[in-house]
Amino acid sequence: MNTVLFPGLLIVLVLLLLAALGSLTLKRGGFPATNFLTLKNLRWVFAVYTIVLLLSMAVLYNLPQVGFSGSTRFPVASVDLFGAARTGKLEQTPGVFAKGKWSFDYGAGQLEIAREPEIMIWAQRKDTEDGKLEVGFYLAKTSLEGVDYTDKIESPSVELSGSRLTVKNASHYQIKLAKFTPDFTVSQFSGGASEQIVGSSSLPGVLFLRFPKNVNIDNRQSGILFVSQ
Amino acid sequence: MSLSETSLFQVAKRQYLYKFKACSPLLFALAVVQVLTILTAQGGTSSASTGGSGITVSVYSYSSNLVIANTILWAFFAGFICTTQTTKSIDFAYVSNRLSSNISSIGFLLTAGIAGGVLATLSGTLIRVMVFFKLGSKNIAPENFFVPPQDLLLGCLAAILYITLSSSIGYFVGTLIQVSKAFIVLLPLFLVLAMRLSLGTLIDAVTKENSLLLFAIKVLAISVLLVWSSALLSNRLEVRR
Amino acid sequence: MLLNIDGMKPIYVQIAEWLEIEILHGNIGCDEKVYSQYQLAEMFNINPATAAKGLSLLADENIIYKKRGLGMFVAANAKELILLKRKDQTLKQLLFGVLTEAERLGVSDEELFEMIKALRN
Amino acid sequence: MPVIESNELTKTYGRLPAINNLSFNIKENKITGLIGRNGAGKTTLLKTIAGFLKPTSGKIKVFSENPFNSLKVSANLIFIDDNMNLALPSLLRLVDILESAGRFYPNWDRELATRLFDYFDFDPRQRHRSLSKGMRSTFNMIIGLSARCALTILDEPTTGMDAAVRKDFYKALLKDYIAYPRTIIVSSHLLSEIEDVLEDILLLKDGEKCVHLPVSELKELAVGLRGRVNIINELARGRQVYYSETFGKDSIYIVVKNEFTEAALQSARLAGVEITPVAVDDLSVYLTARSKGGIDNVFKRN
């Protein structure tokens, strides 16, 4: 929902509600009493509401302080995951880590890569013929609106059968995150400018494949980018 | 029969206590407005999403800003209601004069405003607990989740001051309209005119004040001025019944 | 006890007449205390001031007298005074009415006497 | 010291005067009936006394104070009228109302309130708004009596009450007044009902004072004469005639100011004139009538 429209609509709604209440109260004789709207019930509603708020305050401060999602204030500069991948220096770049690693024994010859269209794979030919395909899924800290969701990113699945390397996305998933901002009544006086959203990777991860010298991969295949030697 | 003596203070006190019965619909309205706002705001006041490679990420942002804003609206309305003939004639059913009626109304509005400010600020804790049980801690950014108690206190104070200001504006507007119905038309005109002139500066002086002390002084000064003018204006009004 | 049967008579007069009858019947004896204006007011649902006026009517005729701080009391010769007054005023007035009507109808005095005698039996 | 002093009091709404140049005093501990036709200014006068309205000119003093904005006056006065329901929050039940009214009045008689409440079979949980007109008036009366204010103002207190309740009401009023004498003003246009209870009558006509007398004097103010036209006219010559009505060929009934000597009346009787006292409520109608002939004149087309 639109972030400006929604609060606006809500305020209009409350205005209408107050206007309706007002016209009822302004009518001579005052607030209409019905079977429900008795002094006792009105007080009950108010009291119950107050108690619920007080309880929620008690509950809030007794919630476990562990297990929360990543911080919004990680002090990383924007990491150029793409650049690091292009130069093959993912492992050496600070702030980048491997979320998943796979290793397959593979002799020599042609390697066929089957992948889902939206997956992009960086490939690098190794200097040696060690007979191993090494696949890594690399991430940098990733956030949206200042909320770090690196932990929630799932690795794709990588499988080798015969001469075919299959890369599949983790099944389509959704991440719902919540963040809290201080009320304007607090931020007006706490002096702090509203938090800057710190930079993060623009990609939700990079799949990097290192293959032995004696293995060939069809380089005309789109979606596979080769790291320049 | 010998005449009984009463003091202004005594009468105003009785009226003040009576108001909590007679005007309890206003307190009810406060609870309804806040609950409705919490329920509708519970889905998050703003959200952002990003998609790609099989994932959709949404971030919902929560605060009690809307609850506080709607409580400020309620306060204006409550101040206004307290000046209407209906409310005044409720005062004048029993022992009263205009001053005692004003004092008791202001006392009521202040008390209700304090309740409103505290509840609006506490609504933040309810929203947090609700989100906690809905999304689980692993999906919640820890910043600002555990509001420091001193922030809660600061929020209460500032909300109460905003609400006080709003209800005194409502009280003043209501009194003007009681003095003459012409103000129903004149007030919006004045407002437009004031916007053209320097109302913006005045609003900024309040909403952009970073010192709580100065903010309190400004808000209280304006409120006292408004309420005092209302009391002067209404002191000559007749009671229709 | 209801008053105002004869709606045209002022209430305080009716009160006075009622008290006279009470005295005549001996319900309130000589030197006994008469009902206060408040008792009368409650009894007849009238304003105490009206009741007081009825009492002062009797006091003016010396049928009752005032004892300071104690109230009104029946005079020793109250009965005689009442009888005298009633003969002198009430009966006379009634007779006057009878005579006026008799004249209008052309009834002679003898005929009237006869009627009175017949009624007596 | 009079409880109410009104001196050339005038109250206008726009240009229309509701009360015009009204001067009178009401002494302590009297029950005064404020009588007048609809629109005579009764309610306006009472509301000015209660301090709700501000006089346009002239002076009004209650307990030697200007009632407008006086706490002393408000604390010692209760004003009960038909619009009481507008001033009572409809949210409150009847018990709540009695309870809260009791808090405001230092002399409040809680026991009396409860006894009257039970006598008239009120349900404590009922709302004021759901009461019938007569029950509403009865309930308001309970508040008015139990508050036991030095000045009790009842504006048309019996509206909607049935005959039995009216009787009870006047009895209750009188009993409580005897037990706790205080100044009471009852406005009504039904004088015959309250006549016995009243001590004084203040008769208003078009916002002006018509008469202000003890009831007993008002009762003797005028006399009704019925007889031949020429005899009656002779008797009425030079006197104030409040009302006249002709019957049959040669008969007339007039209400005339009673300044006759007993002898004059006696000779009139002999001349065949029927002499009757005038009921107070009839007299008040004649006094406040706009024309002498009354409604009959409307139908009299010569």
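Chain A is the first sequence line, chain B the second, and so forth, proteins listed ahead of strands; every chain is numbered from 1. The figures that follow rest on heavy atoms only: side chains count, while hydrogens, waters and symmetry mates do not.
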Enquirer: Against chain A, label B/Phe145 side chain, backbone, both or neither, depending on which of its atoms sit under 4.5 Å from a heavy atom there.
Expert: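 Both parts, backbone and side chain.
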Enquirer: Answer with side chain, backbone, both or neither: which region of B/Ile72 has an atom nearer than 4.5 Å to a non-hydrogen atom of chain A?
Expert: side chain
Enquirer: So what's closer than 4.5 Å to chain A heavy atoms on B/Leu152: side chain, backbone, both or neither?
Expert: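 B/Leu152 touches chain A through side-chain heavy atoms alone.
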Enquirer: Among A/Leu55, A/Val59, A/Asp183, which has the most heavy-atom pairs under 4.5 Å with chain B?
Expert: A/Asp183
Enquirer: Measure B/Leu27 against the heavy atoms of chain A and call it side chain, backbone, both or neither at under 4.5 Å.
Expert: both
Enquirer: So which part of A/Phe184 gets closer than 4.5 Å to some heavy atom of chain B, the side chain, the backbone, both or neither?
Expert: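 Answer is both: backbone and side chain atoms of A/Phe184 are under 4.5 Å from chain B.
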Enquirer: After noting the C-alpha distance and the side-chain angles of A/Ser56 and B/Thr125, does the key distance pass the side-chain hydrogen bond (donor to acceptor under 3.5 Å, both in side chains) rule?
Expert: CA-CA 6 Å; A/Ser56 73; B/Thr125 66; 2.9 Å; yes
Enquirer: Assess the side chains of B/Gln34 and B/Thr71: does a donor N or O sit below 3.5 Å from an acceptor N or O?
Expert: yes
Enquirer: Is B/Lys208 atom NZ crowded by more than 12 heavy atoms from other residues, nucleotides or ligands, each under 6.0 Å away?
Expert: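 Open.
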Enquirer: So which of B/Ser101, B/Ser24, B/Ser105 actually passes side chain to side chain donor-acceptor pair (under 3.5 Å) with B/Lys19?
Expert: B/Ser105
Enquirer: With chain A as the partner, which of B/Val67, B/Leu119, B/Leu161 has the greatest number of non-hydrogen pairs under 4.5 Å?
Expert: B/Leu119
Enquirer: B/Val118 versus chain A, heavy atoms under 4.5 Å apart: side chain, backbone, both or neither?
Expert: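 Neither; nothing under 4.5 Å.
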Enquirer: Shorter than 4.5 Å, heavy atoms on both sides: which option in B/Leu135, B/Thr207, B/Asp151, B/Val35 has the most such pairs with chain A?
Expert: B/Thr207
Enquirer: Can you say whether B/Leu30 sits under 4.5 Å from chain A via the side chain, the backbone, both, or neither, judging by heavy atoms?
Expert: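 Side chain only.
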Enquirer: Could you tell me if B/Thr37 and B/Asn70 have a donor-acceptor pair between their side chains, going purely by distance under 3.5 Å?
Expert: yes
Enquirer: With under 30° as parallel and over 60° as perpendicular, where do the rings of B/Phe80 and B/Phe76 fit, or are they tilted in between?
Expert: parallel
Enquirer: Quick one: does A/Leu225's side chain get under 4.5 Å of A/Arg86's, heavy atoms only?
Expert: no
